[in-house]
Amino acid sequence: MSTPLPGFEDFGGPMGSAPAGEALGENSGAGSGGRGAAAAVGHAPGRRQLAPGAVHVPGWLTLAQQRELVAACRGWARGPVPIRHTRLPRGGTMSVQTVCIGWHWQPYAYTRTADDVNGARVAAFPEWMVGLGRRAVAEAYEDAAAGDGYTPDTALINFYDGQARLGMHQDKEERSDAPVVSLSIGDTCVFRFGNTRTRTKPYTDVELASGDLFVFGGPSRFAYHGVPKVRPGSGDPACGMAGGRLNITMRVTGLG
Ligand SMILES: O=C(O)CCC(=O)C(=O)O
Ligand SMILES: [Fe+2]
């Protein structure tokens, strides 16, 4: 693979050989009483609602779960579609590096094959990640039924080096208003969460640290958001990454 991923490729922790989804198959969250009771909605300490439908749950993933996700994402970054800087329609490339599973995202469409990269079909969206997404929605919304009804079929996996940024945008290529589930690992970033009408103020800046969950759905589903800053060196290498920031956003495409 030719794309350099500083801090991302030199991972060699003890979880590297664990089957993907092993720890992730458990109930997550530091406060999740009753591990293994799949239907239970764990209590999420520190949970904060920024706007209706927009919830931040700090420290939702354990370090072991973060390491497993890093290992899985590292595999997807290698192929069948290698992680790359997405080309923008008007020329230029994104500073963030992205690889997709389930469906391949390009501005402004989803396809099964990565026609702007190598033409390969993207990796399947694994069942364990559907389960993780369901628990995320249930715990963020403190509503087991909301989790049960959630079946994400794509994830965008973004890698940020210290200089990478993501401008204010809406996630609107999906033909579904189901929530977006965002998981962050590695360096902390400033996540700017705005409003549904403009890419400018009013917005709220939150720090997303390693292990944090952020869900936006309901009236916040089409809010503008972006990442104006990453804080290099702020992550704990025990998360599985020596540097940089990994973000996974699960979505429901609404495409058959
Ligand atoms: O990196 C993040 O926290 C947000 C990513 C995002 O907004 C996107 O991939 O559409
Ligand atoms: Fe987004």
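We use all heavy atoms of the structure for the numbers below, so side chains are in, but hydrogens, waters and symmetry mates are not. This structure is a prediction, so every number in the text was calculated from the model and none was measured.
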Practice task
Please confirm whether the backbone N or O of A136 pairs with a side-chain atom of E139, one donor and one acceptor, at under 3.5 Å?
Solution key: no
Exercise for the section: Look at the side chain of Q66 and the backbone N and O of G240, then say whether any donor-acceptor pair between them is shorter than 3.5 Å. Expected result: no
Handout entry: Polar side-chain atom of R165 near backbone of P228 as donor-acceptor pair, under 3.5 Å
Key = yes
Practice task
Compare all side-chain heavy atoms of L63 with those of C239 and state whether any distance is below 4.5 angstrom.
Solution key: yes
Problem - Donor-acceptor contact below 3.5 Å, side chain T111 vs main chain T113 - result: yes
Problem - Connected hydrophobic set around V81, excluding itself, where side chains approach under 4.5 Å - result: V117, V122
Exercise for the section: Ignoring hydrogens and angles, tell me if any N or O in the side chain of S184 forms a donor-acceptor pair with the backbone of A209 under 3.5 Å. Expected result: no
Completion exercise
Besides V180, the hydrophobic cluster formed by Ile, Leu, Val, Met, Phe, Trp and Tyr side chains linked at under 4.5 Å, directly or via other members, contains L50, L88, M94, V96, W103, W105, Y110, L156, Y160, L166, F191, F193, V206, L208, F214, F216, V227, V230, L255
Practice task
Look at the side chain of D187 and the backbone N and O of S234, then say whether any donor-acceptor pair between them is shorter than 3.5 Å.
Solution key: yes
Handout entry: Main-chain N/O of N158 paired with N247 side-chain donor or acceptor, under 3.5 Å
Key = no
Practice task
Can you spot which of N118, D116, T93 makes a side chain to side chain donor-acceptor pair (under 3.5 Å) with R84?
Solution key: D116
Handout entry: Closest approach of M129 to I248 (non-hydrogen atoms, all atoms of both residues)
Key = CE-CG2, 4.4 Å
Practice task
Just jot down the side chain to side chain contact (heavy atoms under 4.5 Å, CB included) partners of Q170, sequence neighbours excluded, or say none.
Solution key: K172, F222, Y224
Handout entry: Check: T198 main-chain N/O paired with N195 side-chain donor or acceptor under 3.5 Å
Key = yes
Exercise for the section: Output yes when a side-chain donor or acceptor of H169 lies under 3.5 Å from a complementary backbone atom of H225, and no otherwise. Expected result: yes
Exercise for the section: Give the cluster check for L246 versus V190: same hydrophobic cluster or not, with ILVMFWY residues linked at side-chain heavy-atom distances below 4.5 Å. Expected result: no
Exercise for the section: Using the six-membered ring of Y203, assess whether NZ or CZ of R192 lies under 6.0 Å from its centre and within 45 degrees of the ring axis. Expected result: yes
Problem - Donor-acceptor pair between R251 and T253 side chains, under 3.5 angstrom - result: no
Exercise for the section: Ignoring hydrogens and angles, tell me if any N or O in the side chain of D143 forms a donor-acceptor pair with the backbone of A146 under 3.5 Å. Expected result: yes
Practice task
Mark yes when over 12 heavy atoms from residues, nucleotides or ligands other than R112 sit less than 6.0 Å from its CZ; otherwise mark no.
Solution key: yes
